[in-house]
There are 2 protein chains.
Amino acid sequence: MAATIKDIAQKTGLGLATISSYLNGGNLREKNREKIEQAIKELNFEVNETARGLKTNKTKTIGVVIPELNNVFCAEIIIEMEDILRQHGYATIICDCRTNKDIEKEAIDFLYRKRVDGIINMPVNVDGNHLKSFIKAKKPIILIDRKINGLDCDCVLVDNLTAVKDAIGILIKNGHSKIGIISGPEEIFTAQERLLGYRLALLEAGIVPEERFIAHGDYTIQGGMKCIEELIKKNPDMTAVFVSNYEMTMGTVIGINELGIKIPENISVIGFDNIEFARACKPKLAIVTQPTKKIGVNVAEIMLNRISGNPEDKKILKLQTGFLNGNSIQEVKLPSI
Amino acid sequence: MAATIKDIAQKTGLGLATISSYLNGGNLREKNREKIEQAIKELNFEVNETARGLKTNKTKTIGVVIPELNNVFCAEIIIEMEDILRQHGYATIICDCRTNKDIEKEAIDFLYRKRVDGIINMPVNVDGNHLKSFIKAKKPIILIDRKINGLDCDCVLVDNLTAVKDAIGILIKNGHSKIGIISGPEEIFTAQERLLGYRLALLEAGIVPEERFIAHGDYTIQGGMKCIEELIKKNPDMTAVFVSNYEMTMGTVIGINELGIKIPENISVIGFDNIEFARACKPKLAIVTQPTKKIGVNVAEIMLNRISGNPEDKKILKLQTGFLNGNSIQEVKLPSI
DNA sequence: CTGAAAGCGCTAACAT
DNA sequence: ATGTTAGCGCTTTCAG
C-alpha cells in the first residue's frame with residue numbers, strides 16, 4: 001500500500017492537520033517543514049487525490065465530449081486544452097461520441113457520475129437536453145464551435161459567417177458565379193452559419209443562390225466524396241466549389257482526382273482547415289484556416305476561471321479565421337461580347 | 001447537493017448495507033428492490049464514484065500517455081480504446097506529452113497521483129524509468145507500438161520489420177536499387193525495426209545499403225520535408241523513396257511538390273498509414289497501412305483483463321500491416337546492354 | 001436477507 | 001503554529 005498522511009504524521013510525530021496544512025501550502029515551522037519533506041521522500045508519499053476529492057467535492061477533472069477525435073480540428077483544440085489544464089492539476093477525460101446523440105448523452109452522464117468539475121462539449125445534440133445534469137448541478141459548461149439556443153453558458157466560437165463570406169467573395173472576384181458549396185448537416189449550427197455566409201456573399205454580388213449548387217455533407221471524408229460527385233454531375237456549368245470542413249475537403253480532393261478532373265483548370269476549389277494538407281495537395285489548395293490553438297487556450301482559461309468560482313456573465317467569444325492562398329483558384333475569363 | 005445512499009436509506013427505511021448490496025448486484029427481496037429503485041428515481045441518485053473509489057482503492061480510470069494526439073496513428077488507436085473502456089465503466093485520461101520525455105514523466109506521475117487503475121503508454125523515453133511508480137504499485141502497464149527492454153509488461157506492437165521489408169521488396173521488384181528511406185529517430189524502437197527491414201530487403205536482393213540513402217526524420221511533417229529535400233539533393237541517382245510514418249509521408253509529398261518533381265516519373269514513393277491521405281494524393285500513393293483499430297481493441301481488452309486480476313504471463317502481440325497499392329511506383333527500365 | 005458500525009485518506013473546523 | 005476530531009459517500013465485515 002502507498003503511504004498516507006497518517007504514516008508521515010507518525011514518522012514525524014506531527015499531527016494530521018499539520019501535514020495537511022503543509023500539503024496545501026499553509027505556514028509552519030521551518031523545522032517541521034523539513035521533517036515532513038524528508039518523510040515524504042522516504043515513504044514515497046503521494047497525495048491521494050481520490051480521498052481529497054471526496055472531501056472537497058472536487059475531482060480536479062474536466063470532461064470533454066467531442067464528435068470525432070480523429071477530426072483534426074477537434075484533436076488540435078484538445079491538445080491545447082489538455083496541456084493547460086494538466087499544468088493546473090486538472091485531468092481531462094475525453095469522450096468521442098462518434099457524432100451520435102445517444103452516445104453523447106451517455107458520455108455526459110458517465111462524466112457526471114465521475115463527478116468531473118466541469119464539462120467542455122462540442123455538441124452534436126442541438127437541444128442541449130444532454131447537459132441538464134450539469135446545469136442542475138451548477139457545474140460549468142463550455143461549448144465549443146457550436147452554440148445551443150437557450151442554454152446559458154460560455155461559448156467559444158469561430159466567425160464562420162465572415163469566413164465563408166470572404167472566401168466566396170474571393171471566388172466571385174475571380175469571375176466565378178456558378179459556385180457550389182459542400183456544406184455540413186443542416187441542423188448543425190456551424191453549417192448553418194457557413195451556408196449563410198455563402199448566400200450573403202452571392203447576394204451582395206447580385207448573384208441569386210441556386211439550390212442545385214448546395215450539397216449537404218456529413219463532415220466526413222466519404223461525405224465529401226459523395227457531395228463533390230453529385231455536384232459535378234448535377235452542374236456541368238459549375239466553375240468553383242467551396243468546402244466547409246477539413247474531412248470533406250479531403251474527400252473533395254479525392255473525388256476530383258478520381259473523376260480525372262483538374263484543379264483549377266476545370267474547377268476552382270477553396271477548402272477548410274489543415275494547412276499541411278493544403279500544402280500537400282497538388283496544386284496547393286487555398287483554404288480557410290481556423291484558430292484551433294486560440295480556441296483551446298481560451299476554452300481552458302475560461303474553464304479554470306469558472307471553476308475558481310468566477311460568477312460573471314457568460315461570455316460568447318467569436319474568433320476570426322484566416323485565409324491561406326494556394327493555386328487552386330483560376331480566374332474565369334468572361335466571354336467577350 | 002446530490003443524493004447519497006443515506007438519503008435513499010432514509011427514504012426507504014432500509015439500511016445502508018442493503019442499498020449498497022443493491023448497487024453492487026446483490027440479492028434482496030423483490031419488494032425492497034422496488035422501493036430502492038423508486039427512491040433512486042425520485043431522488044435522482046447517482047453513485048458517487050469518488051467515494052466508491054476511495055473505499056475500493058480503484059478509480060475505474062485508465063491513464064493514456066502518447067507522444068502526439070494529432071498524430072493520426074495515435075488518435076485512431078485511442079478512439080477505439082476509449083470506446084471499449086467507457087463501455088466497461090472506465091474513463092480514459094489522455095495526456096499528450098509532445099514527444100518530450102520530461103513531460104511524459106510528469107504526465108505519468110500526474111496519473112499516478114490520480115490513482116488510475118492502469119496505464120497505457122506509447123513510450124518516448126526508452127529506458128522505462130518513468131514507469132517505475134506503476135511497477136512498484138503493481139498496476140498494469142501496457143505498451144503500444146514500442147517495446148522497452150527489461151520491462152516486464154504487455155506490449156501490442158506492429159510487425160514493422162516485415163512491413164518495411166515487403167514494401168522495399170516491391171520497389172526492388174520494380175527494378176529500383178537506389179532506394180532512399182526516411183526513417184524515424186535513431187533511438188526509437190519502431191524506427192530501428194523499420195530501418196532493419198529496409199536493410200534486410202536490400203541485402204537479400206544483393207544490394208549493399210548505402211548510408212547516403214538513409215535520412216533520419218523526427219516523425220513530423222516538417223521533418224519529412226527536410227529529409228526528402230536532403231535526400232534528393234544528396235542523391236541525384238535515387239529513383240525511389242520509402243517513408244516510415246504518416247506525418248513524414250505528408251511532408252515528403254509536400255516537399256516533392258514544392259521542388260517541382262514528379263511522382264512517379266522522377267521518383268517512386270511508398271508512404272505510411274492513412275488511407276485517406278493516400279487516396280487524396282495525386283497520383284494516388286502506395287502505402288503501408290497499420291492496423292490501428294485492431295491495436296486499440298487489443299490494448300483495451302488486455303487492460304480490462306489485467307485489471308480484473310489475470311496474472312498470466314505478459315503477452316507481446318505483434319500485429320501485421322497491410323499494403324495499399326497506388327500509382328506512385330514506376331518500373332525502372334534497365335539500360336539495355 | 002438486512003442492519004449497525006468501522007474505516008478508506010483526506011480536509012476543515014475547532015481547540016490549544 | 002499545531003493537535004484533535006468529525007465526516008465526505010461509499011463498501012464491507014460482523015451480527016442478527
Side-chain angles (χ1 to χ4, degrees), chain A residues 1-37 39-40 43-61 89 91 112-117 137 139 308-309, chain B residues 1-37 39-40 43-61 89 91 112-117 133 137 139 309:
Chain A
M1 261 328 288
T4 72
I5 57 167
K6 253 186 195 164
D7 297 324
I8 98 146
Q10 205 156 26
K11 194 165 189 100
T12 58
L14 297 165
L16 290 181
T18 313
I19 320 294
S20 178
S21 168
Y22 168 83
L23 256 23
N24 293 288
N27 281 337
L28 32 81
R29 217 168 285 163
E30 192 49 37
K31 217 172 161 183
N32 287 335
R33 175 182 301 279
E34 278 167 21
K35 264 202 213 163
I36 294 178
E37 269 161 12
I40 287 182
L43 296 173
N44 233 299
F45 169 83
E46 298 259 15
V47 175
N48 183 330
E49 300 268 7
T50 308
R52 183 181 269 178
L54 177 60
K55 185 67 194 177
T56 58
N57 202 20
K58 291 197 166 35
T59 53
K60 289 261 192 178
T61 300
Y112 181 72
R113 250 174 284 133
K114 290 280 180 202
R115 297 294 193 272
V116 296
D117 296 334
K139 286 187 176 178
S308 66
Chain B
M1 262 329 287
T4 73
I5 57 168
K6 252 186 197 164
D7 297 323
I8 99 145
Q10 205 157 22
K11 192 164 190 102
T12 57
L14 297 166
L16 291 181
T18 314
I19 321 292
S20 178
S21 169
Y22 167 84
L23 256 22
N24 293 289
N27 282 336
L28 32 81
R29 217 166 286 165
E30 191 51 32
K31 218 174 163 182
N32 286 337
R33 175 182 300 279
E34 280 167 20
K35 264 202 213 163
I36 294 178
E37 270 162 12
I40 287 183
L43 296 173
N44 233 300
F45 170 82
E46 298 257 17
V47 176
N48 183 330
E49 300 268 8
T50 308
R52 184 181 268 179
L54 177 59
K55 186 66 195 179
T56 59
N57 203 18
K58 290 194 166 38
T59 53
K60 289 258 189 182
T61 301
Y112 180 73
R113 253 175 281 134
K114 289 278 177 204
R115 296 295 194 269
V116 296
D117 296 335
S133 49
K139 287 188 177 176

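Proteins get letters first, then strands, A, B, ... in listed order; numbering begins at 1 in each. Treat the numbers as computed from the prediction; the structure is a model and nothing was measured.
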Taking the side chain as C-beta and beyond, is there a heavy-atom pair between I36(B) and I40(B) under 4.5 Å?
-> yes

Could you tell me the separation between the NZ atom of K114(B) and the C1' atom of dG9(C), rounded to a whole number of Å?
-> 15 Å

E49(B) CD to dG9(D) P, straight-line distance once rounded to whole Å | 15 Å

State which of dG9(C), dT2(C), dA1(D) makes the closest approach to the side chain of N27(A).
-> dA1(D)

Are K11(A) and K35(A) side-chain neighbours, meaning at least one heavy-atom pair lies under 4.5 Å?
-> no

Check: T4(A) and N48(A) side chains under 4.5 Å, non-hydrogen atoms = no

N48(B) has an atom CG; how far is it from atom P of dG7(D), in whole Å?
-> 18 Å

Return yes if some donor-acceptor pair links the side-chain N/O of K60(B) with the main-chain N/O of K114(A) below 3.5 Å, else return no.
-> no

Could you state the atom-to-atom distance from CG of L14(A) to C1' of dT11(C) in whole Å?
-> 17 Å

Do K55(A) side-chain and dG9(C) base share a donor-acceptor contact under 3.5 Å?
-> no

Base, sugar-phosphate alone, or nothing: which one does L28(A) contact when heavy atoms must sit under 4.0 Å apart?
-> sugar-phosphate

Between CZ of R52(B) and P of dG9(C) the distance, given in whole Å, is 18 Å

Every protein N/O lying under 3.5 Å from an N/O of nucleotides 14-16 of chain D:
none

By a strict heavy-atom criterion of less than 4.0 Å, which residues belonging to residues 16-25 of chain A are in contact with DNA chain C?
-> A17(A), S20(A), N24(A)

More than 12 heavy atoms of other groups within 6.0 Å of E37(A) CD | yes

More 5' along DNA chain C: G15(B) or L54(A), using each one's nearest nucleotide?
-> G15(B)

Spacing between I5(B) atom CD1 and dA6(C) atom C1', to the nearest angstrom = 14 Å

Do T12(A) and I19(A) touch side chain to side chain, with heavy atoms closer than 4.5 Å?
-> yes

Between dG7(D) atom C1' and N57(A) atom CG, what is the distance in whole Å?
-> 13 Å

For Y112(B), what residues pass the ring-ring contact (aromatic ring centres under 6.0 Å, His included) criterion, not counting sequence neighbours?
-> F134(B)

Counting just side-chain N and O atoms, does K6(B) come under 4.0 Å of either OP1 or OP2 of dC8(D)?
-> yes

Quick one: Q10(A) CD to dG3(D) P, roughly how many Å, whole number?
-> 14 Å

Could you give me the CA-CA distance, side-chain angles and deciding distance for E49(B) and R113(A), then say whether salt bridge (Lys or Arg N to Asp or Glu O under 4.0 Å) is met?
-> CA-CA 7 Å; E49(B) 300 268 8; R113(A) 250 174 284 133; 5.2 Å; no

Is it true that a side-chain atom of T56(B) and a backbone atom of R52(B) form a donor plus acceptor pair closer than 3.5 Å?
-> yes

